[in-house]
Amino acid sequence: MLLARLARVSREVAAAPARSRKIALLAELFRDAEAEDVPVVIPYLAGRLPQGRLGVGWKALGRPVEPAAAPGLTVRETDARLTALGTVSGPGSQAERARLVGELMGLATEDEQRFLRGLLTGEVRQGALDAVAVEGLAQATGAPAADVRRAVMLAGSLQTVAAALLADGPGALDRFRLTVGRPVLPMLAHSASSVAEAVEKLGACAVEEKLDGIRVQVHRDGGTVRVHTRTLDDITDRLPEVTAAALALPGDRFVLDGEVISFGADGRPRSFQETAGRVGSRTDVATAARAVPVSPVFFDALCVDGRDLLDLPLAERHAELARLVPEPMRVRRTVVSGPADARRAEEFLAATLGRGHEGVVVKALDAPYSAGRRGASWLKVKPVHTLDLVVLAAEWGHGRRTGRLSNLHLGARTADGGFTMLGKTFKGMTDALLAWQTERLGELAVEHHGWGVTVRPELVVEIAYDGLQRSTRYPAGVTLRFARVIRYREDKRPEDADTVETLLAAHPEVRP
DNA sequence: TTCCGACAGTGGGGTCGCAAT
DNA sequence: ATTGCGACCCCACTATCGGAA
């Protein structure tokens with residue numbers, strides 16, 4: 001199959017607003033793909049490369065290359081060239097990668113170049129990723145969409161399921177069961193603004209402490225342990241403590257879900273930055289482990305003694321977890337019978353925050369483990385802080401925000417009457433707000449740049465954030481975590497904005 | 001008919017590893 | 001030795017479609 005066909009379908013998918021139309025377009029393409037092309041066609045139209053990321057970003061893409069006049073690239077040749085590109089390393093590799101990318105682009109038409117750039121940067125912007133591709137695959141093969149989706153979650157891979165399905169038909173889906181050693185996509189949580197709201201929605205529930213670390217899925221099959229991240233990356237080699245802990249448990253074949261976090265000598269959790277730095281270290285793991293030892297803390301069991309627990313209610317899965325994993329290696333929790341009991345949940349949240357943790361996750365006791373989904377039966381609750389800050393600049397948006405000033409530079413007042421930048425945010429804006437701020441900031445602009453505008457520091461905006469973290473990028477030595485816009489405060493003047501001093505005083509645990 | 005669940009898009013900051021300077 | 005890029009951790013929020021209620 002020619003790459004040009006994929007590029008054209010991708011453009012049509014992007015242009016079709018209806019999800020059903022996107023699915024139909026993908027299904028048609030998948031039906032026409034030859035068996036050898038399937039392992040490439042499916043991920044490409046789901047906006048991903050089968051090889052994963054190749055070390056090519058905007059810089060390596062470089063200057064535009066003169067496009068080919070007529071399409072000639074096949075899907076298979078493209079894939080072969082990108083596979084070769086992915087193996088390049090060592091001195092001179094950046095230039096070599098750029099050369100190979102340029103060579104490939106030179107063989108591609110303008111349409112194909114656009115598609116390839118999207119794939120390489122991970123931004124195809126066609127309004128369809130894995131979920132829509134799954135529906136398309138189901139339609140192309142006549143298999144029930146729910147069954148295909150479930151197989152993908154259990155396989156942790158769309159292309160594995162696609163290849164099996166197109167080769168052997170819907171019967172192949174039965175092969176995809178929870179298997180120790182093969183990671184499944186983890187269940188995720190929605191947010192709730194308060195514990196009371198969460199308990200109101202869920203009824204009888206468990207309230208568990210939310211640790212600010214790295215999500216892990218741990219598989220043990222006899223003497224073999226594998227540790228995977230939320231995106232199913234294998235990080236076993238970086239976390240010897242987790243392997244040791246899993247091997248010490250009184251079970252032979254199990255899959256556990258939990259968090260890895262580092263505790264300080266005082267028993268309190270270290271900052272997310274410290275834990276993440278440790279988990280990210282892979283060159284000298286032994287040294288990193290001495291400096292920042294980590295502990296696994298589990299909250300769910302997907303499989304125990306080889307028995308699949310996914311469809312059991314949380315209450316039963318937790319009973320299995322408690323049988324296998326001793327107390328200190330489990331997340332603290334309390335069980336609440338319903339809204340009438342919500343005060344106990346509030347107290348538990350307060351105690352959890354007092355221990356230095358991030359918040360809680362409220363989970364319905366009767367809910368199964370919805371692998372790969374952001375189920376409504378898990379609700380996280382974290383305290384939110386707010387500040388009044390001043391807009392110092394704004395950047396032009398991309399995609400659907402093209403032509404709008406989007407990303408705001410946020411400043412806090414300093415003692416000398418000036419402002420210091422604390423970070424940026426693009427979150428929390430409606431289309432109407434984007435239009436309004438584009439207009440208003442245009443009026444306040446003092447300098448126009450390619451990236452946006454700097455403005456007179458006059459507009460006050462109320463910002464929500466999750467906490468402070470240390471920063472080497474910003475002059476105050478701190479930055480806001482997960483900053484988002486609540487609303488503009490036109491009733492406030494810049495001299496009413498919050499100061500760096502009050503901000504630092506509110507977060508004594510963070511020292512710039 | 002209205003409501004709501006699921007998705008995709010739009011980017012944020014930090015840290016590490018690696019190659020280039 | 002330092003700098004810059006890319007990958008991958010953490011993530012919030014809005015718009016939209018389409019099925020559920």
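Chain letters run A, B, ... following the sequence lines, proteins first, then strands; residues in each count from 1.
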> According to a strict under-4.0 Å criterion, is A:K424 in side-chain N/O contact with OP1 or OP2 of C:dA12?
Replying inline: no
> Rounded to whole angstroms, how far apart are CG on A:L422 and C1' on B:dG13?
Replying inline: 13 Å
> A:A464 near the nucleic acid: base, sugar-phosphate alone, or nothing, with a heavy-atom cut-off under 4.0 Å?
Replying inline: nothing
>> Counting only side-chain nitrogens and oxygens, does A:K380 get under 4.0 Å of the OP1 or OP2 atom of C:dA12?
In response: yes
> Within this structure, what is the CD-to-P distance between A:E135 and C:dG19, rounded to whole angstrom?
Replying inline: 9 Å
> Between the side chains of A:E462 and A:Y488, is a donor N or O closer than 3.5 angstrom to an acceptor N or O?
Replying inline: no
> Between A:T425 and B:dG12, is there a side-chain N or O to OP1/OP2 distance below 4.0 Å?
Replying inline: no
>> From the set C:dC17, B:dG14, B:dC7, return the single nucleotide nearest to any side-chain atom of A:Q273.
In response: B:dG14
> Closer to the 5' end of DNA chain C via nearest nucleotide, is it A:R215 or A:P17?
Replying inline: A:R215
>> Can you work out whether A:D431 or A:D466 has the more 5'-proximal nearest nucleotide on DNA chain C?
In response: A:D466
> So what does A:A276 hit on the nucleic acid, given a heavy-atom distance under 4.0 Å: a base, only sugar-phosphate, or nothing?
Replying inline: nothing
> Hey, are A:D466 and A:K382 close enough for a salt bridge, meaning a charged N less than 4.0 Å from a carboxylate O?
Replying inline: yes
> Think A:K59 has a side-chain N or O under 4.0 angstrom from the OP1 or OP2 of B:dA20?
Replying inline: no
>> C:dC9, OP1 or OP2 - any side-chain N/O from A:T231 closer than 4.0 Å?
In response: yes
>> Whole angstroms only, please: what is the CG-P distance between A:L129 and B:dT10?
In response: 11 Å
> When you measure from the side chain of A:D233, which nucleotide among C:dC8, C:dA15, B:dG13 comes out closest?
Replying inline: C:dC8
> Looking at A:T283, does any N or O in its side chain come under 4.0 Å of the phosphate oxygens OP1/OP2 on B:dG17?
Replying inline: yes
> Taking the nucleotide of DNA chain B with the closest heavy atom to each, which residue, A:Q94 or A:R481, is nearer the 5' end?
Replying inline: A:R481
> Would you say A:R473 reaches B:dG14's phosphate, i.e. side-chain N/O to OP1/OP2 under 4.0 Å?
Replying inline: yes
>> What contact category does A:K201 fall into here, base, sugar-phosphate, or nothing, at under 4.0 angstrom with non-hydrogen atoms?
In response: nothing
>> Output the rounded distance in Å from CZ (A:F426) to P (C:dT14).
In response: 12 Å
> NA contact type, A:V279, heavy-atom cut-off 4.0 Å: base, sugar-phosphate, or nothing?
Replying inline: nothing
> What is the nucleic acid contact for A:L211, judged by heavy atoms within less than 4.0 Å: base, sugar-phosphate only, or nothing?
Replying inline: nothing
>> I need the residues from residues 363-372 of chain A with at least one non-hydrogen atom less than 4.0 Å from DNA chain B; give them sorted by number, or say none.
In response: none
> Counting just side-chain N and O atoms, does A:S281 come under 4.0 Å of either OP1 or OP2 of B:dT15?
Replying inline: no
>> Taking any heavy-atom pair under 4.0 Å as a contact, classify A:G52: base, sugar-phosphate, or nothing.
In response: nothing
> Reckon A:H398 has a side-chain N or O less than 4.0 Å from the OP1 or OP2 of B:dG11?
Replying inline: yes
> With the threshold set at 4.0 Å, does a side-chain nitrogen-carboxylate oxygen contact exist between A:E259 and A:R215?
Replying inline: no
>> Within the 4.0 Å heavy-atom criterion, would you say A:T275 contacts the bases, only the backbone, or no part of the nucleic acid?
In response: nothing
>> What's A:E123 touching, base or sugar-phosphate or nothing? Going by heavy atoms closer than 4.0 Å.
In response: nothing
> Quick one: on DNA chain B, does A:M421 or A:R373 contact a more 5' nucleotide (nearest heavy atom)?
Replying inline: A:R373
> Roughly how many Å is it from CZ in A:R97 to P in C:dG4, rounded to a whole number?
Replying inline: 18 Å
> Counting any heavy atom closer than 4.0 Å, what does A:A18 reach on the DNA or RNA strands: base, sugar-phosphate only, or nothing?
Replying inline: sugar-phosphate
>> Between A:S406 and B:dG11, is there a contact of a side-chain N or O with OP1 or OP2 at under 4.0 Å?
In response: yes
> Relative to A:F272, does A:R481 satisfy both conditions: NZ or CZ under 6.0 angstrom from the six-membered ring centre, and within 45 degrees of the ring's axis?
Replying inline: yes
> Between A:E208 and A:K363, is there a side-chain N and carboxylate O pair less than 4.0 Å apart?
Replying inline: yes
> Which whole-number value in Å describes the distance from A:H190 NE2 to C:dC13 P?
Replying inline: 13 Å
> Tell me: CZ of A:R484 to C1' of B:dG9, nearest whole Å?
Replying inline: 18 Å
> Between A:L379 and A:V199, does a side-chain contact (heavy atoms from CB on, under 4.5 Å) hold up when you go through it step by step?
Replying inline: CA-CA 9 Å; A:L379 297 172; A:V199 174; over 6 Å; no
>> For a quick test of reading the model: is some side-chain N or O of A:R125 closer than 4.0 Å to OP1 or OP2 of B:dT10?
In response: yes
>> What is the distance, to the nearest angstrom, from the CZ atom on A:R282 to the P atom on B:dC18?
In response: 7 Å
> Salt-bridged, A:D234 to A:R226, with N to O below 4.0 Å?
Replying inline: yes
> Touch check for A:V56, heavy atoms < 4.0 angstrom, all strands: base, sugar-phosphate only, or nothing?
Replying inline: sugar-phosphate
> Taking A:L408 as the fixed residue, which of A:L392, A:L389, A:L441 is the one that meets the side chain to side chain contact (heavy atoms under 4.5 Å, CB included) rule?
Replying inline: A:L441
> Ion pair present between A:D212 and A:R270, side-chain N to carboxylate O less than 4.0 angstrom?
Replying inline: no
> Counting only side-chain N and O atoms of A:W58, is one of them less than 4.0 Å from OP1 or OP2 of C:dC5?
Replying inline: no
> Can we say A:R149 and A:E135 salt-bridge, meaning some charged N sits less than 4.0 Å from an Asp/Glu carboxylate O?
Replying inline: yes
>> Looking at C:dC8, I'd like to know if its phosphate oxygens (OP1 or OP2) sit under 4.0 Å from a side-chain N or O belonging to A:R53.
In response: no
